[in-house]
Enquirer: 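One structure, pasted below without further comment.
We use all heavy atoms of the structure for the numbers below, so side chains are in, but hydrogens, waters and symmetry mates are not. Throughout, a chain's letter reflects where its sequence line sits, starting with A, and its residues are numbered from 1. Fair warning: this is a prediction, and the values are worked out from it, not measured in the lab.
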Amino acid sequence: MAHASELPCDGDGVCMLCKKTPLEEEKLLCKTCVTPWHVSCLTHPPESMSSVLQWECPDCSPAPVDTGNASQASSVTNANVVAGGNANLIAAIRAIEADKSLSDAEKAKKRQELMSGGVVSEVDTENGKEKGNKDVLDVLGGTFSCSFCMQLPERPVTTPCGHNFCLKCFQKWVGQGKRTCAKCRSDIPSKMASQPRINSALVVAIRMARMAKSTSSVMPDKVYHFMHNQDRPDKAFTTERAKKSGKANACSGKIFVTVPPDHFGPILAENDPERNQGVLVGEFWEDRMECRQWGVHLPHVAGIAGQSDYGAQSVALSGGYEDDEDHGEWFLYTGSGGRDLSGNKRTNKEQSFDQKFDKMNEALRVSCKKGYPVRVVRSHKEKRSSYAPESGVRYDGIYRIEKCWRKVGIQGYKVCRYLFVRCDNEPAPWTSDEHGDRPRSLPVIKELKNATDVSERKETPAWDYDEEHGWRWTRAPPISRKAVQKANPEDRQRARKAIRQAQNFSVRERLLKEFSCLICRKVMTLPLTTPCAHNFCKPCLEGAFAGQAFVRERTREGGRSLRARKNVMKCPSCPTDISDFLQNPQVNRELMDLIESLQRQSKDETGDSSEGAADGSEDSKPEGEDDNGELGPEGRDTVDGGDKELQTPRKRKKTENGSCIGKEGGKLKESPDSHEIVEAGNDSPSSPLHVRSDPEDC
DNA sequence: GGTACAGAGACT
DNA sequence: AGTCTCTGTACC
């Protein structure tokens, strides 16, 4: 955060520091949150014109801390920008805005080019072969933009009113006490304000489009991690007794990878006979048992996997310790112990003694000192972090522990603390960057002032970055002391086939696939994003709750009515109650526009209207995905919802818009009517259902 | 929503 | 063999 000595201009354009209203030319806009700052009041006045375009305000770009570790090269450009350059930027933006010959989409694109330092414009010079992929980004850039920064949303969050913003911009907005959508002034629910969750479908879409832009039209050789968790593992039960009492009492099951339990670093393709792709960043599992089966994090209860004399291989962020602090690319982790677990307890929220650097805590400290790569999984149980998945457990990649220390925790007892910083060659699941991490400067950790037992790495880290190879071992990984667990090589061929087929999809088709409804699995029509960041077709979601009243009337025997009770309506993908959202669900217009554009493009390209891109993403789905009746990354989530929807299909009148997408998305075998669109008159006049669509599109 | 409770496996 | 564990479920 900015110090008190660094404050931006307020909503009226008045500098909160000098209380003057600077001229437009004297203001500098943050590239991330687009908050205006008075240039002459900045602690670090700008230095060069080129960095004007990339300038981040003190709020968005934490100042580096002196770590005393010379090997920690910083690649974070801590913006120092020229004051005069800013005026040029503003003038350029003004010129774009004033250009009447440009459409809104073109203006957005131009702004983006300007703000991204001209990166996008490079695409314009690409040859015709790459035009198709460029179009994808154009469509995205023209469709999506955060209202604050006017760029493609970074870590996008979606309000219940269907508008998309960058996480940081959104947090800044609500941080100013605002509780209405910046675009339409609808109320922002308090939970959304305090715990915004990233809309992962948008992240994937934006990243894919960027990748498509930066690579040739041929898909890259490597299998990219688009969270298609195909060939999901068998259920974890083995023993009869375990089956009887369910998962509560089980954690066995086959291990799918050929890595020993003390394996450090990523799970590589060579260790994945089942799928031959390794465990990719962003893959997720229903629970810790499944996660365990892929060797990512072995213990099914404990948060730390490791050995005190050897090092720690992985950690889980599950919200079990209130001292934890998650910032995505870095987080502060709390050690284990300090709790009374007598009476056969697995955990205990109350801390009753100090933690020490022993056992697992010592294992983490060893990994810190050696600079070992540590795998990180985040669980939905972490409720305070925007970076946690809404459901299940997700692999977020490799981190390194840069420092560890002890401090007095929230509960008054000492806790072990670890600073984890991400260092993976794959981008994090929440960012639309197409590249992985670069070495970054360490964040300022205030609590270090009062820390004791501080340890940091003295030797060269075993896992480090170089420009040529990215993150990799600088020396041989520690020799495993355990035998490789038995892996099951069967189905290898089938899995490979599925991957090959998946790669054959065009970028656009893959992109469309990401926009499939979690209920019907088709490309979404009238997409809704719930407050818990799950995406559905409006008809599907409404259909799933058709016939259910929002409130339950209650009457006594005597006939006197009692106060009506609210009906809980759980999101088909997670346990969140979305009944409030369902009262007036708003279509994500930007998403809908994008889907339509992509479908139009695909249609134009193939010149075949009957089997469009959406079809490619569904009907010609790789056989492998269907083999066990479980489809796609969210397969387990959608089955119930789909059933519900089919039980209570809601009849709707067709519109050109809906039927067009419905057709492209493939027909519903079971219930052809379920994709039809509600009659316009049934909705409020402002409803996005009234969006007019070009009949020619159909 | 809160609480009691359990199997399994890894560490020591 | 004893200890520990950022789970998951049933039940109230």
Side-chain angles (χ1 to χ4, degrees), chain A residues 235-255 260-263 285-293 295-326 331-353 355-364 366 374-385 388-389 391-394 396 409-411 415-418 420 480-483 485-486 565-566 568 570 575-577:
Chain A
K235 290 298 169 194
F237 319 130
T238 48
T239 65
E240 284 308 305
R241 189 171 181 185
K243 279 179 185 168
K244 215 173 188 176
S245 46
K247 280 184 191 171
N249 301 325
C251 82
S252 56
K254 81 175 178 184
I255 299 291
D262 53 358
H263 165 82
W285 306 274
E286 193 171 315
D287 52 40
R288 290 276 294 268
M289 322 295 186
E290 284 191 10
C291 170
R292 166 190 161 73
Q293 291 183 289
V296 176
H297 185 68
L298 268 296
H300 90 291
V301 173
I304 305 165
Q307 304 76 35
S308 59
D309 60 342
Y310 188 65
Q313 294 84 23
S314 57
V315 296
L317 281 143
S318 304
Y321 284 81
E322 56 188 319
D323 289 286
D324 286 3
E325 201 181 294
D326 192 1
F331 59 88
L332 294 176
Y333 195 75
T334 310
S336 59
R339 294 164 164 183
D340 174 18
L341 298 179
S342 62
N344 201 19
K345 286 192 280 287
R346 299 295 179 269
T347 187
N348 180 349
K349 283 175 188 165
E350 300 283 311
Q351 197 176 350
S352 50
F353 54 94
Q355 291 184 355
K356 286 185 296 190
F357 280 114
D358 61 357
K359 300 174 185 169
M360 293 303 126
N361 296 345
E362 177 59 20
L364 282 175
V366 171
V374 183
R375 294 183 298 272
V376 170
V377 296
R378 281 183 173 81
S379 155
H380 70 104
K381 288 189 161 188
E382 171 54 270
K383 296 297 181 199
R384 298 165 305 157
S385 166
S391 54
V393 182
R394 185 186 65 209
D396 285 348
I410 291 171
Q411 297 193 14
V415 290
C416 298
R417 299 284 277 172
Y418 304 87
F420 279 72
S480 171
R481 306 182 302 183
K482 302 184 179 193
Q485 302 202 0
K486 250 191 187 174
R565 183 181 286 173
K566 199 175 130 188
V568 171
K570 284 187 179 172
T576 307
D577 177 17

Enquirer: Within the 4.0 Å heavy-atom criterion, would you say A:Gly343 contacts the bases, only the backbone, or no part of the nucleic acid?
Expert: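 Since no nucleic acid heavy atom lies under 4.0 Å of A:Gly343, the category is nothing.
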
Enquirer: Looking for any heavy atom pair under 4.0 Å, which part of the strands does A:Tyr333 touch: base, sugar-phosphate only, or nothing?
Expert: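 Counting heavy atoms under 4.0 Å across all strands, the contact made by A:Tyr333 includes a base.
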
Enquirer: Tell me the interatomic distance from A:Leu317, atom CG, to C:dT7, atom C1', rounded to whole angstroms.
Expert: 16 Å

Enquirer: When you check the phosphate oxygens OP1 and OP2 of C:dT7, does a side-chain N or O of A:Ser318 lie under 4.0 Å from one of them?
Expert: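 So the side-chain polar atoms of A:Ser318 do come within 4.0 Å of the phosphate oxygens OP1 or OP2 of C:dT7, strictly under.
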
Enquirer: Run the salt bridge (Lys or Arg N to Asp or Glu O under 4.0 Å) test against A:Arg375 and tell me which residues pass, sequence neighbours left out.
Expert: none

Enquirer: Could you tell me how far apart A:Arg292 (CZ) and C:dG8 (P) are, to the nearest whole angstrom?
Expert: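 Checked: the CZ to P distance equals 13 Å.
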
Enquirer: How many angstroms lie between atom NZ of A:Lys345 and atom CZ of A:Arg339, to the nearest 0.5 angstrom?
Expert: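 Here the rounded value is 11.5 Å.
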
Enquirer: Given A:Arg378, which of A:Leu317, A:Val315, A:Val393 fulfils the side chain to side chain contact (heavy atoms under 4.5 Å, CB included) condition?
Expert: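 Single side chain to side chain contact (heavy atoms under 4.5 Å, CB included) partner of A:Arg378 among A:Leu317, A:Val315, A:Val393: A:Leu317.
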
Enquirer: I need the CH2-P distance between A:Trp285 and C:dG8, as an integer number of Å.
Expert: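 Result: 13 Å.
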
Enquirer: Both distances under 3.5 Å, Watson-Crick or G-U wobble: on that basis, could you give the dot-bracket string for DNA chain C, with [ ] for crossing pairs and | for other-strand partners?
Expert: |||||.||||||

Enquirer: Closest nucleotide of DNA chain B for A:Asp262 versus for A:Lys345: which of these residues is on the 5' side?
Expert: A:Lys345

Enquirer: Output the rounded distance in Å from CE (A:Met360) to C1' (B:dA10).
Expert: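 Rounding to the nearest Å, CE of A:Met360 and C1' of B:dA10 are 7 Å apart.
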
Enquirer: Check this one for me: any side-chain N or O of A:Lys482 less than 4.0 Å away from OP1 or OP2 of B:dC11?
Expert: yes

Enquirer: For the atom pair CE (A:Met360) and CD (A:Gln307), what is the distance rounded to the nearest 0.5 Å?
Expert: 6.5 Å

Enquirer: Can you name the residues that form a salt bridge (Lys or Arg N to Asp or Glu O under 4.0 Å) with A:Asp262, not counting sequence neighbours?
Expert: none

Enquirer: Distance check needed: B:dA8 P versus A:Asn344 CG, whole Å only.
Expert: 13 Å

Enquirer: Can you check salt bridge (Lys or Arg N to Asp or Glu O under 4.0 Å) on A:Glu382 and A:Arg384, steps first, answer last?
Expert: CA-CA 6 Å; A:Glu382 171 54 270; A:Arg384 298 165 305 157; 3.5 Å; yes

Enquirer: In whole angstrom, what separates A:Leu341's CG from B:dC11's P?
Expert: 18 Å

Enquirer: Contact class for A:Thr334 (heavy atom, under 4.0 Å): base, sugar-phosphate, or nothing?
Expert: base

Enquirer: Roughly how many Å is it from CD1 in A:Ile304 to P in B:dA10, rounded to a whole number?
Expert: 16 Å

Enquirer: Measure CZ/A:Arg288 against P/B:dA10 and give the value in whole Å, please.
Expert: 13 Å

Enquirer: Where is the tightest heavy-atom contact between A:Asn361 and A:Gly335, given as atom of each residue plus distance?
Expert: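 Minimum heavy-atom contact is OD1-CA, 3.2 Å.
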
